[in-house]
2 protein chains.
Amino acid sequence: MSAIFGALSNPNRLQIFLRLIACCSEGDSWLTEPEPCPCVSELGEDTGLAMSTISHHMKELSRAGLIRMDRNGQKVECRIDPSTLEKINVFFGGCCKPWKK
Amino acid sequence: MSAIFGALSNPNRLQIFLRLIACCSEGDSWLTEPEPCPCVSELGEDTGLAMSTISHHMKELSRAGLIRMDRNGQKVECRIDPSTLEKINVFFGGCCKPWKK
DNA sequence: TCGATAATTCGAAACATGTCGAAAAGTCGA
DNA sequence: TCGACTTTTCGACATGTTTCGAATTATCGA
């Protein structure tokens, strides 16, 4: 669990993660619309980081289980792993329960 | 937001945080039962860390807004800050929505 | 006021992370 | 096969984190 938080503790990584969330949130489920996922270089566009650094960050997000990376030709497509997202939701849902008003 | 994740990215800090969650989760709301909150040394008991290290970790959790620390005599009482917990819940709730089955 | 208890601050050491550029590897079209 | 494009790997360096022990501060009871 702390590995997941570690992955999101870096501002650049969080930015990449949120961009990935945003670009797939137009009502498209990950399962029903598997084609148009952004690649590594696309996701790092606005960060101002070197390509090698972006690659490193993507690997961190992947190792934490937050995203999946699948090569498709030259590009490596990235997508959110919804099961990990759900895992986090359950974690904090349980945490918050006693304080729910 | 990344500061919150940073605070939880350390295993010892996460353990302390979870202990604080657990010890106040017996149906007692933070608002209705403000008295019996564990102090700094109590929370670090099972970590095997030096007192100075525990103090440092508590400060990190506090700076992230996850807990509040209030001196009560010799001891400093620690309690979860439910508003930050709710903030996290909203964050991930919004994230998960597009992937909800 | 003194001693005990609880917590913080400080400096230092070990370790981990973030970043880059250069080089290498994978993939595709000509 | 060659060159262009995308990505990964590697080595290096700067910065940040984790941890400790010692010293300091805060509070209370005797």
Side-chain angles (χ1 to χ4, degrees), chain A residues 1-20 23-24 34-81, chain B residues 1-20 23-24 34-81:
Chain A
M1 207 67 207
S2 62
I4 294 175
F5 298 132
L8 297 176
S9 69
N10 178 274
N12 288 317
R13 226 144 46 206
L14 183 58
Q15 180 183 331
I16 291 171
F17 175 75
L18 290 177
R19 175 161 179 174
L20 197 49
C23 74
C24 305
E35 295 305 340
C37 280
C39 65
V40 173
S41 53
E42 244 176 308
L43 286 168
E45 259 166 11
D46 302 334
T47 59
L49 297 174
M51 195 58 223
S52 56
T53 306
I54 294 164
S55 178
H56 168 250
H57 282 323
M58 300 311 293
K59 200 163 69 175
E60 284 297 300
L61 288 171
S62 176
R63 287 204 299 151
L66 286 162
I67 68 169
R68 294 197 205 164
M69 304 175 71
D70 300 292
R71 184 171 278 276
N72 188 355
Q74 289 174 298
K75 303 189 175 184
V76 172
E77 293 180 352
C78 305
R79 37 174 71 83
I80 297 291
D81 187 332
Chain B
M1 207 67 207
S2 61
I4 293 175
F5 297 133
L8 297 176
S9 69
N10 177 275
N12 288 317
R13 230 145 41 206
L14 183 59
Q15 180 183 330
I16 291 170
F17 175 75
L18 291 177
R19 175 160 179 174
L20 196 50
C23 74
C24 306
E35 295 305 339
C37 280
C39 64
V40 174
S41 53
E42 245 176 308
L43 285 167
E45 260 166 9
D46 302 336
T47 60
L49 298 173
M51 195 57 222
S52 57
T53 306
I54 295 164
S55 178
H56 167 251
H57 283 323
M58 299 312 292
K59 199 164 70 176
E60 284 297 300
L61 289 170
S62 176
R63 287 204 297 152
L66 286 162
I67 67 168
R68 295 197 204 165
M69 303 174 72
D70 300 293
R71 185 171 275 276
N72 188 355
Q74 288 174 298
K75 302 189 174 182
V76 171
E77 291 180 352
C78 304
R79 38 173 70 80
I80 297 289
D81 186 332

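In what follows, every chain begins at residue 1, and chains take the letters A, B, ... in the order their sequences are listed.
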Tell me, please, which residues at least two apart from Val40(A) pass side chain to side chain contact (heavy atoms under 4.5 Å, CB included). Met51(A), Ile54(A), Met58(A), Met69(A), Val76(A), Cys78(A)

Side chain to side chain contact (heavy atoms under 4.5 Å, CB included) with Ala3(A): which residues, sequence neighbours excluded? none

Figure out the CD/P separation between Glu77(B) and dT8(C), and round it to whole Å. 13 Å

Numerically ordered, the residues 54-64 of chain B set in heavy-atom contact under 4.0 Å with DNA chain C is Ser55(B), Lys59(B)

Pairs under 3.5 angstrom only: tabulate donor-acceptor contacts from the side chains of residues 5-15 of chain A to other protein residues two or more places apart or in another chain.
| unit_1 | atom_1 | unit_2 | atom_2 | d |
| --- | --- | --- | --- | --- |
| Ser9(A) | OG | Gly6(A) | O | 2.7 |
| Asn10(A) | OD1 | Asn12(A) | N | 3.0 |
| Asn10(A) | OD1 | Arg13(A) | N | 3.0 |
| Arg13(A) | NE | Ala7(A) | O | 2.8 |
| Arg13(A) | NH1 | His57(A) | ND1 | 3.2 |
| Arg13(A) | NH2 | Gly6(A) | O | 3.0 |

Does any non-hydrogen side-chain atom of Leu43(A) lie less than 4.5 Å from one of Phe17(A)? no

Between Leu49(B) and Met69(A), whichever has its closest DNA chain D nucleotide further toward 5' is Met69(A)

Tell me the closest heavy-atom pair linking Arg79(B) and Glu77(B), and the distance in Å. NH2-OE1, 3.4 Å

Answer yes or no: does a side-chain N or O of Arg13(A) lie under 4.0 Å from OP1 or OP2 of dT17(C)? no

Between C1' of dA7(C) and CD1 of Ile67(B), the distance in whole Å: 13 Å

Positions of residues 2-12 of chain B (non-hydrogen atom under 4.0 Å from DNA chain D), listed by number: Asn10(B), Asn12(B)

Between the CG atom in Leu66(A) and the CG atom in Asp81(A), the distance rounded to the nearest 0.5 Å is 8.0 Å

Could you tell me the separation between the CG atom of Leu61(A) and the CD1 atom of Ile67(A), rounded to the nearest 0.5 Å? 5.0 Å

Whole-Å gap separating P (dG29(C)) and NZ (Lys75(A)): 12 Å

Residues at least two apart in sequence or cross-chain that pass side chain to side chain donor-acceptor pair (under 3.5 Å) with Glu45(A), listed by chain then number, are Arg19(A)

In this structure, NE2 of His56(B) is separated from OG of Ser52(B) (nearest 0.5 Å) by 10.0 Å

d(Glu42(A) CD, Leu20(A) CG) to nearest 0.5 Å is 10.5 Å

Find the distance between CD1 (Ile80(B)) and SG (Cys23(B)) and round it off to the nearest 0.5 Å. 8.0 Å

Scan Gly44(B) against the nucleic acid and name what it touches under 4.0 Å (heavy atoms): base, sugar-phosphate only, or nothing. nothing

Heavy-atom contact window of chain A on DNA chain D, given 5' to 3' at under 4.0 Å: dA4(D) to dT9(D)

Enumerate the protein-to-nucleotides 22-28 of chain C contacts in which both atoms are nitrogen or oxygen and the separation is below 3.5 Å.
| unit_1 | atom_1 | unit_2 | atom_2 | d |
| --- | --- | --- | --- | --- |
| dT27(C) | O2 | Gln74(A) | NE2 | 3.3 |

Test side chain to side chain donor-acceptor pair (under 3.5 Å) applied to Glu60(A) - qualifying residues, sequence neighbours left out: Arg63(A)

